[in-house]
Amino acid sequence: MDFLNQEFYNLIGGKLVKAVKGGTMNVINPANNKVVAVVPKCTAEDVELAVAAANRAKNAWKNTYVGERANLLCKLGAIIAEHAEELVPMETAQYGGPVSKTRNFDIPAAVGEFELMAGMGRSVTGNTITADPLARIMTLREPFGVCGLITPWNFPLVTAVSKLGPALITGNTVVLKPPSCAPLTVLKMGEYAIEAGFPAGVINIVAGPGSEVGEAIVNHRDVNKISFTGDSHVGKRIMELASRQVKSVASELGGKNAMIVLDDAELDNAVEAATYAAFFNSGQNCGSPSRFYVQEGIYDAFVSRFVKAAGKIIVGDPTDPKTMMGPLAYNACLDTAERFIESAKKAGSRVLLGGERPTTADMKDGAYVMPTIFEVYDNKIDMMQEEIFAPVVGVMKIKTPEEAIDLVNDSHYGLCASIWTMDYRRALLMIDKLEVGTCWINQHLKIVPETPWGGCKESGWTKENSMLVFEEYTFHKHVWLELGDKPHTFWEKMIDLG
Ligand code: NDP
């Protein structure tokens, strides 16, 4: 299926427009490397127009009753739900996510996120402070104004919505840049935003390369807030640029997440969770575990069952509802995965499963890599330290829980980890020592919008989802109302009032 007969537009100032200079870029289906759609390729000139539109719209939007803003978010969610059957194949074709994911997760999650943010965002509050009885002291929660939202391809629609929802409900206007390899569903959402009735300029969407369009958003003087999800290296570049204007940056970055399986773990559950969390979406999840630390008493049983279960994952055509794992998002991801596989082999790790790209007729032209499990003997090797973002994982044998903690913390990333044990007391004490932003006990990759999501260290320190996300899209303006009859001064009787 392709979308070559459809036009895709930017959304700027309430109008669907092509790129100013007329540039276009191809969107490629990674399952067969064929062009599926052509979209605008913007430049800094388009960003200028989009930011100007967002800037014009910001005061009126901030002063709109929050209930009206919430209604518009819900309407946009409802329109997305109505178009689910159009969006599912589009999402699948642009980056290879199987329909079992795009239909069952992506579209409902995007709708649910809008509904949740519309609800929770109506009761965002400031604080009152009781420091001085002769004053009423409070903080007002203010939007930043224009927010630049820059999003990745692994959940193209959901990631965009999880930024749009909280940004808009708290009264910000936005310029949103979707990923170049997978911009289709976000561009479609621009059409739906007009249908929903959003005022011109509140939502602006510009497609184009991060190096030009993304950086133009980050560098723009009228953009006060950047919310970025993506690779840690790109996140560092964005923070460097933003620091020149002391711009606020929310960053959800890469991870090298761990699963710790202790001797007393419930084996079936640990194996099922490992197989799903490591290979769902071809391992292209920021929260997927790619390092497994398994205690020696359960090691052989866990590893043999994990390898067997992962070997039965149905890999193939992402449009087939039975497919569990599709291709990687584009060819460069395949090259990265293969580079890590080769370096792990050279480092002496043992391939327990996969390690090769499939050669069957249905997959040979696509960016496929089979589920791959290595037995690893050294935590310092590249594949245990760097994010691969592919279905390639390493398993290491450990003797004690303390050893696992040291190995997990031996990383510049700190997104998430899970502990598998029936001893909750021990697990809770371990969690205190793990340097991660999200930690599960007997669960992994369970991310729901009601709970906070985010990491620490080079995974970024931001929290998305839950009530905490509103901290990212508002700042506290301190207001002091004096009730006493004298102004404050340390110069008592020294000021000559004439
Ligand atoms: P990238 O960082 O490559 O791209 C993300 C976005 O940034 C894209 O829109 C990209 O544009 C843009 N971009 C690239 N360079 C710049 C730049 N110099 N200035 C401004 N914007 C730029 O990430 P991927 O799309 O490859 O996504 C995968 C990464 O995202 C992984 O590292 C993953 O861990 C992380 N991620 C983290 C999550 C979290 O919650 N912590 C959640 C999901 C993903 P273009 O597409 O044009 O290059």
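What's counted below: heavy atoms across the whole structure, side chains too, no hydrogens, waters or symmetry copies. Atoms within a ligand are numbered from 1 in the order they appear, just like the ligands themselves. None of the values given here were measured: they were computed from a predicted structure.
With ring centers used as reference points, Phe155 lies under 6.0 Å from Phe105. Note: Phe292 and Phe306 meet the aromatic proximity criterion, with ring centroids under 6.0 Å apart.
For the residue pair Thr185 / Glu91, a side-chain donor-acceptor distance below 3.5 Å is found, with atom types taken as modelled. A side-chain donor-acceptor contact under 3.5 Å links Asn331 and Asn33.
Protein residues are said to neighbour a ligand when one of their heavy atoms lies under 4.0 Å from it; for ligand 1 these are Ile150, Thr151, Pro152, Trp153, Asn154, Lys177, Pro178, Pro179, Ser180, Gly208, Pro209, Gly210, Gly214, Glu215, Phe228, Thr229, Gly230, Asp231, Val234, Arg237, Ile238, Glu252, Leu253, Gly254, Cys286, Glu387, Phe389, Leu415, Trp453.
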* Audit row: Val393, Thr372, side-chain contact (heavy atoms from CB on, under 4.5 Å) steps and yes/no -> CA-CA 6 Å; Val393 306; Thr372 295; over 6 Å; no
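Classification of the Tyr330-Trp153 ring pair by plane angle, with boundaries at 30° and 60°, yields perpendicular.
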